[in-house]
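Note that ligands are numbered from 1 as they come in the structure, with each ligand's atoms numbered from 1 the same way.
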Amino acid sequence: MILAIESTFDEIGAALVEKNSIGGVRIISSSIASSAAITAKYGGAVPEILAREQASMIVPVIEECMLKAKATKEDIEAVAVTNGPGMIGSLLVGVETVKAIAYAWKKPLLRVNHMVAHVLANWIDETRIPGFPAIGLVISGGHTDLVHLAQFDKWEYLGGTRDDAVGEAFDKVARLLGLPYPGGALIQKLCDEYILDKENTKYILPRPMIHDESFDMSFSGLKTAVTDLVKTEEGNLKPKAVAYAFTMAVCEVLVEKCVRAIEATGATNFVMAGGVAANKHIREAFVAKMESLGVECFIPNLKYCTDNAPMIGAAAVLKPELADLQLRPESNLKVI
Ligand code: KG4
Ligand code: ZN
């Protein structure tokens, strides 16, 4: 089994994982200490405070994870850690601690790219795992990337956002509506209510770059359109209608880009990942579209969409030599 640590943002997670009989990943145990309440209190991440919290929590979290599985260091084949991208203070806490464990326990140290791990969260399953070729869409708070997974170890970057990540756009729109950070899940709630209430107000928002030939995307224009709408409507603004219009615009752009990527590559599988993949409306839109195309659709269980240690373990178990690859080629965000 592999001990994996995730610390990129406002939580520390530890997990013990192993490969299962279908070539996927089984979670033996998992522990977490979240500082999301601190992030929410300040309305965003305060890197110094978060890194200090993580420095104090990392050893207890690892101990708890080992204890729950009744595992000892002899049971561990290797230790894995997120090597970026993420907030440097948080990453350093994880990397330095895991380096020390690897040294003390004489175990191999596996470095894992956080975005590769998000994609491989789709393999945390006991019954069904993706096949190839596949198109991967990563939609998180900091990243929006489209990848062609030709084979298990042959990934090709197709495109991504040129400005804001989808999650960032969700969080900014939430802020414009006066909702706390991070607001993605709250936008989903408003959107649900809009549908339930059968509200009449309909706002029209742009679908940036939807007809652009490339696989690149842009979401900052959509956020600006919402800013303008909020200003124009002032006292009459219907937040639920904004949430709905925004979500539909995002859904349409994402679905269109992925369908084009599937057509261009002949992919037979589709995998979605990242915190925004937890969004019910986006999940439903993709499931329906992929079914109509006859493409196998995979979206992780909700708890493996947002940041989690099992996905780091999944990458270490499934792709040990390649887990540290940069998903987006020009980014160089490794710690070591
Ligand atoms: O993957 P993640 O946990 O962290 C990063 O690696 O960035 O993603 C966090 C992002 C936040 O922007 C959050 O608002 C968004 O995921 N998110 C959602 C939902 N749940 C989390 N966005 C839309 N709908 C949701 N249900
Ligand atoms: Zn993430």
Side-chain angles (χ1 to χ4, degrees), residues 4-13 32 34-36 39-40 43-45 47 50 81-88 90-91 94 112-122 124 136-145 160-161 164-177 179-195 219-220 222-223 226 242-244 246-251 253-254 271-286 299-315 327-328 331 333:
I5 309 300
E6 151 67 19
S7 80
T8 46
F9 186 52
D10 62 1
E11 63 192 34
I12 284 276
I32 184 173
S34 173
S35 303
T39 307
L50 292 175
V81 67
T82 312
N83 194 29
M87 295 191 318
I88 190 67
S90 304
L91 288 167
V112 174
N113 178 282
H114 182 85
M115 308 318 294
V116 169
H118 266 304
V119 174
L120 291 172
N122 281 287
I124 306 176
L137 172 70
V138 190
I139 38 179
S140 75
H143 296 259
T144 298
D145 296 313
T161 184
D164 292 355
V166 179
E168 197 178 344
F170 264 95
D171 295 336
K172 285 177 177 169
V173 168
R175 183 182 289 246
L176 285 168
L177 298 179
L179 301 169
Y181 177 92
L186 298 165
I187 295 276
Q188 174 181 317
K189 197 163 163 275
L190 284 185
C191 195
D192 275 341
E193 288 169 13
Y194 176 87
I195 296 166
F219 295 98
S220 78
L222 185 53
K223 172 203 66 193
V226 176
V242 176
Y244 179 80
F246 171 75
T247 306
M248 292 306 123
V250 169
C251 270
V253 173
L254 293 176
V271 299
M272 187 156 66
V276 185
N279 186 279
K280 179 180 143 190
H281 308 283
I282 297 178
R283 292 170 87 95
E284 286 174 359
F286 272 95
I299 311 173
N301 183 303
L302 284 186
K303 58 181 181 244
Y304 307 127
C305 286
T306 44
D307 292 347
N308 64 91
M311 75 181 190
I312 305 301
L327 202 62
R328 191 169 185 143
S331 66
L333 300 159

For M311, does its backbone N or O pair with a side-chain atom of E6 as donor and acceptor, under 3.5 Å?
no
Counting heavy atoms under 4.0 Å, the part of H118 that contacts ligand 1 is side chain
Can you tell me the protein heavy atom closest to atom 3 (O) of ligand 1 and the distance?
D307 N, 3.0 Å
Would G141 count as being in polar contact with ligand 1, using the rule that some N or O on each side must be under 3.5 angstrom apart?
yes
Can you tell me which residue among T144, N279, V138, L137 is in a side chain to side chain contact (heavy atoms under 4.5 Å, CB included) with V166?
T144
Looking at the Zn ion (ligand 2), is one of the N, O or S atoms of H118 less than 2.8 Å from it?
yes
Compare every heavy atom of I187 with every heavy atom of L177, then report the nearest pair and how far apart it is.
CD1-CD1, 4.0 Å
Does ligand 1 have any atom sitting under 4.0 Å from a heavy atom of F9?
no
In terms of heavy-atom contacts, S7 and I12 come closest through CB-CD1, 3.4 Å
Does a sphere of radius 6.0 Å around CZ in R175 hold more than 12 heavy atoms from other residues, nucleotides or ligands, not counting ones at 6.0 Å or beyond?
no
Pull out every atom of ligand 1 sitting under 4.0 Å from any heavy atom of G184, numbered as shown with elements.
14 (O), 18 (C), 19 (C), 22 (N), 23 (C), 24 (N), 25 (C)
Calculate the angle formed at the Zn ion (ligand 2) by OD1 in D307 and NE2 in H114; 10° precision is enough.
100°
For the side-chain hydrogen bond (donor to acceptor under 3.5 Å, both in side chains) test, which of D307, N308, D145, N113 pairs with H118?
D307
Closest non-hydrogen atom pair, L50 against S35
CD2-CB, 3.6 Å
Proximal atoms of ligand 1 relative to T306 (non-hydrogen, under 4.0 Å)
3 (O)
For ligand 1, note which part of N279 has a heavy atom under 4.0 Å away: side chain, backbone, both or neither.
both
Mark yes or no for whether D171, through its side chain, and G183, through its backbone, hold a donor-acceptor pair below 3.5 Å.
yes
Examine distances only and state if a side-chain atom of N122 and a backbone atom of M272 form a donor-acceptor pair shorter than 3.5 Å.
yes
Which residue and atom name correspond to the protein heavy atom nearest atom 13 (C) of ligand 1, and how close is it?
D171 OD1, 3.8 Å
Out of all atoms in ligand 1, which are within 4.0 Å of some heavy atom of G142? Include the element for each.
7 (O)
re atom 21 (C) of ligand 1, the protein heavy-atom contact at minimum distance is G275 O, 3.4 Å
May I ask whether V276 has any heavy atom positioned less than 4.0 angstrom from an atom of ligand 1?
yes
Return a yes/no value for G167: is any of its N or O atoms, backbone included, closer than 3.5 angstrom to an N or O of ligand 1?
yes
Which residue and non-hydrogen atom of the protein lie closest to atom 26 (N) of ligand 1, and at what distance in Å?
Q188 OE1, 2.8 Å
Identify, by atom number and element, the atoms of ligand 1 in contact range of H114, meaning under 4.0 Å from any of its heavy atoms.
6 (O)
Compare all side-chain heavy atoms of S140 with those of M115 and state whether any distance is below 4.5 angstrom.
yes
